[in-house]
Chemist: 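Okay, here's the structure, questions in a sec.
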Amino acid sequence: MAAGATAALVGLAVALGSGVGSPAAAEDPAALTGIILGVGANEAQRIVTWYSSADTAQKVQLAPTASLVNGEFPASAATFAAVGGANIATSGGYNRHTTLTGLLEHTAYSYRVGTEGNWSPTYAFKTQDYEGDYDFLFYGDPQIGSSGDVAKDQAGWKETLDVSLAANPNAELLVSGGDQVETANTEAQWTAFLAPDKLRQYPWAATIGNHDVGGKAYEQHLFTPNTDRSAPLYANGNPASNTSGGNYWFIYKDVLFIDLNSNSYATSQGGGGDAAHVAYVTDVINQHGAEAKWKVLVFHHAIYSPASHAKDGDAKVRRVDFANAFSNLGVDLVLQGHDHSYSRSYEIKNGAKANPAEQPGAADVYPGPGGVIYVTANSASGSKYYDITAPDKSGTSGAGNGADPLNPGSYWYNSAQNQEHVRSYVKVQVRNDRLVVENVRSGTCAAPNAAVERGLSCSNTPAGQPVGSITDKVTVHPYNADGQQLQVNVPNAAPGEFGWTIDGYNGLVNLGTAQEHNGDYFDATGNLNPITVSDSRRSLAPWSISASVSDFRDAGKTFSGAYLGWVPRVLNPGAGAKASSPVLSAYDDQGQGLSVSRGLGWADQGHPRGNAQLGAELDLKIPASVEKGNYRATLTITALSS
Ligand SMILES: [Fe+2]
């Protein structure tokens, strides 16, 4: 009894002790400013960063919006303790950040930063499905302050965010092309950049530009996940100096993003230069490339751009240093800024145009292995534009800036170039079998358009080129290395040969969304892309087509290819073709399904000459215990004939 009573007293004393601190904090409340929602390491995370006038312990409070009552957070709200330190003298005050983890999909969240008794206003964001298609938006150089009028630059920046997110309310990421501000440590410019509330509702994936690098304000304002702050990734090789830097990566729903500090360029300045970046990208892709379906690089200094920076020495060097590595590593898309103009490259492979026949402005491109598309974004704020410049005679590959033989006013590497002196943003649609990239006008010549308001000409014609219209759109059908056996195009067989081709350009067979059956199993069906067999040999030798499937994978998740079965069919008879026997999913017969080689069709010795078209109804039946995901497998098709 006595011991129990003592314990209760101790407990009460502790509770009182913790309460004593609160009035002291309330006497001197910290001013909480510059709150921004940042991208986390994956789709289930966000990072919140802010400034505080006082060096107090702070946190983020988070709860599903549906659980708030009259704007009050419930007792069950989660808290995430913030960390941070003192800002450099020019910034003043303190910075704080924390990572929100364990976010649930399809949830509207509310959050606020601060301490008990001194909270910021409440902001909200939502999560969406953690699998499947999504859109993200890419913004070039807001560079607030660049026009000479911070208020006008802020107005254009806010308008682009508002217009782009009104048109794309379900966009999931806002990706930066760098140069958030004109002057690295001018806090008034950061305040203007951070003013739009959209930056507290959608996660910002920060990128450092040359105008951000000259101080610590970039790092203080924009904390990023998985960030490597080692010396080679700083322009001067000194992370402790009054500069910002570092590279980082994150995976968001099947896209591996790698964001580079392209200010670290010249080893003579102390940084690791391009070799350090190539080593970093190689390392990240080797470790994490298999966890995503697409690889997107982001850095500020465009290497294939159309305007004032097109012939910069660093761009020329990097067209040699970077292009081979990015091709070899299977990068799909590179997003860039710095040249305040829009461009979309041809498929670039190892520093040269991959396919000389690719037409300017082609609506669909099919990069083969090593093909990379480079996009440069124009100004999102209207603070500054650079005019398109003319090609020279320095060559049409590598470091050269020669003219495009198909479009001589344009650089050899660019499929599309645009400059009207109006604000725009780049929309990227991530789909299972394609990326769609478009450059969308978010303004016209009219205000807010700071550079034009301050005297620059403007060539946009609002009647035909209004807000929301596009200057360029391309669907990229990336090379699917895992499915190459399905994408092989074998030429039509010459007379007297045996051959086979797969109909269609892209080998991906989409089985759609599996349907659940009574909680027992999932079922998905589809059709194999038809395979045309031709046999015009005199020998009339037998032939057969067979196939086997790999395991189905989605990042770290996997299930056996044995769950795939099929019913082969002869779609168009000829060449003596017969359909092979059906194969059941392992779910039905505990067998090996298509995980081992199975016949699709065949013909006997002495069959007639001619063509046949073979197909199969695919049946994927998997246990209900398989984890949700967007899985892919490779079907390897083999033809045999004696
Ligand atoms: Fe810039």
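Computed from heavy atoms alone, side chains included, the values below leave out hydrogens, waters and symmetry copies. Computed from a prediction, not measured in an experiment: that's the story for all the values here.
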Chemist: Is there a donor-acceptor pair closer than 3.5 Å between any side-chain N or O of Asn460 and the backbone N or O of Gln465?
Modeler: yes
Chemist: Please confirm whether the backbone N or O of Ala54 pairs with a side-chain atom of Ser52, one donor and one acceptor, at under 3.5 Å?
Modeler: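 Confirmed, Ser52 side chain pairs with Ala54 backbone.
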Chemist: Is any side-chain heavy atom of Lys473 less than 4.5 Å from a side-chain heavy atom of Val436?
Modeler: yes
Chemist: When you measure from the side chain of Thr127 to the backbone of Thr107, do you find a donor-acceptor pair of N or O atoms at a distance under 3.5 Å?
Modeler: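 Confirmed, Thr127 side chain pairs with Thr107 backbone.
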Chemist: Test your reading of the model: is there a side-chain donor-acceptor pair from Ser53 to the backbone of Ala30, 3.5 Å cut-off?
Modeler: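 Absent.
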Chemist: Going by heavy atoms in the side chains, are Asp283 and Trp249 under 4.5 Å from each other?
Modeler: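 Side chain of Asp283 against side chain of Trp249, heavy atoms only: no contact under 4.5 Å found.
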Chemist: Answer yes or no: is there a donor N or O on one side and an acceptor on the other, between the side chain of Asp179 and the main chain of Asn210, under 3.5 Å?
Modeler: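 Checked: pair present.
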Chemist: Hey, could you give me the CG/OH distance between Asp197 and Tyr202, rounded to the nearest 0.5 Å?
Modeler: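 Here the rounded value is 12.0 Å.
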Chemist: Taking atom types as modelled and ignoring hydrogens, do the side chains of Tyr51 and Gln220 form a donor-acceptor contact shorter than 3.5 angstrom?
Modeler: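 There is such a pair between these side chains.
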Chemist: So how far is it from Ser176 OG to Leu137 CG, rounded to the nearest 0.5 Å?
Modeler: 13.0 Å
Chemist: Which pairs with one or both residues in residues 133-157 pass ring-ring contact (aromatic ring centres under 6.0 Å, His included), sequence neighbours excluded?
Modeler: Tyr134-Tyr252, Phe136-Phe257, Tyr139-Trp157, Trp157-Phe193, Trp157-Trp204
Chemist: Could you grab the distance from atom OG of Ser262 to atom CG of Leu297, nearest 0.5 Å is fine?
Modeler: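 Going from the OG atom of Ser262 to the CG atom of Leu297 covers 11.5 Å.
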Chemist: Can a donor-acceptor pair be found, under 3.5 Å and without considering hydrogens, that links the side chain of Glu438 to the backbone of Ile470?
Modeler: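 Side chain of Glu438 to backbone of Ile470, a donor-acceptor pair under 3.5 Å: no, none is there.
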Chemist: Please examine the side chains of Leu62 and Leu103, heavy atoms only from C-beta on, and report whether any two atoms are closer than 4.5 Å.
Modeler: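 Contact flag for Leu103/Leu62 side chains = yes.
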Chemist: Do Val467 and Arg441 make a side-chain contact, defined as non-hydrogen atoms from C-beta onward lying under 4.5 Å apart?
Modeler: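 Val467 does not reach Arg441 side chain to side chain.
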Chemist: Between Asp153 and Gln143, is any pair of side-chain heavy atoms under 4.5 Å apart?
Modeler: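 Heavy-atom side-chain distance check fails, nothing below 4.5 Å.
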Chemist: The test is salt bridge (Lys or Arg N to Asp or Glu O under 4.0 Å); show your working for Asp55 and Arg96 and say whether it passes.
Modeler: CA-CA 9 Å; Asp55 192 13; Arg96 294 288 183 270; 2.7 Å; yes
Chemist: Evaluate Lys295 against Asp254 for salt bridge (Lys or Arg N to Asp or Glu O under 4.0 Å), listing each step before the verdict.
Modeler: CA-CA 9 Å; Lys295 302 176 188 77; Asp254 287 337; over 6 Å; no
Chemist: Does any donor atom in the side chain of Ser241 or Thr243 lie under 3.5 Å from an acceptor atom in the other side chain?
Modeler: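 Ser241 vs Thr243: donor-acceptor pair found between side chains.
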Chemist: Side chains of Asp133 and Val430: closer than 4.5 Å at any heavy-atom pair?
Modeler: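 No, their side chains stay 4.5 Å or more apart.
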Chemist: Taking the side chain as everything from C-beta on, heavy atoms only, tell me whether Leu329 gets closer than 4.5 Å to Thr282.
Modeler: yes
Chemist: Are any side-chain N or O atoms of Trp190 and backbone N or O atoms of Tyr218, one a donor and one an acceptor, separated by less than 3.5 Å?
Modeler: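 No, the answer is negative, given that no donor and acceptor are paired below the 3.5 Å cut-off.
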Chemist: How long is the straight-line distance from NE2 of His221 back to OG1 of Thr191, given to the nearest 0.5 Å?
Modeler: 6.5 Å
Chemist: Could you grab the distance from atom CD of Glu453 to atom SG of Cys458, nearest 0.5 Å is fine?
Modeler: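 With rounding to 0.5 Å, CD (Glu453) is 11.0 Å from SG (Cys458).
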Chemist: Which heavy-atom pair separates Arg229 from Phe223 by the least distance, and what is that distance?
Modeler: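 It is NH2-CE1, 3.7 Å.
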Chemist: With the threshold set at 4.0 Å, does a side-chain nitrogen-carboxylate oxygen contact exist between Glu131 and Lys628?
Modeler: no
Chemist: Identify, with sequence neighbours excluded, every residue that meets salt bridge (charged side-chain N to carboxylate O under 4.0 Å, His left out) alongside Arg423.
Modeler: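 With neighbours one apart ignored, the set is empty.
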Chemist: Any chance you could measure Asp472, atom CG, to Asn439, atom CG, to the nearest 0.5 Å?
Modeler: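 Taking CG in Asp472 and CG in Asn439, the distance rounds to 7.0 Å.
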Chemist: Is the backbone N or O of Asn238 less than 3.5 Å from a side-chain atom of Asn236, with the two atoms forming a donor-acceptor pair by type?
Modeler: yes
Chemist: For the ring pair Tyr265 and His301, is the centre-to-centre distance below 6.0 Å?
Modeler: no
Chemist: Closer than 3.5 angstrom, by distance alone: can the side chain of Asn263 be matched with the main-chain N or O of Gly209 as a donor-acceptor pair?
Modeler: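 Yes; at least one donor-acceptor contact below 3.5 Å.
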Chemist: Got Ser244 and Asp212 here, is their nearest side-chain heavy-atom distance under 4.5 Å?
Modeler: no
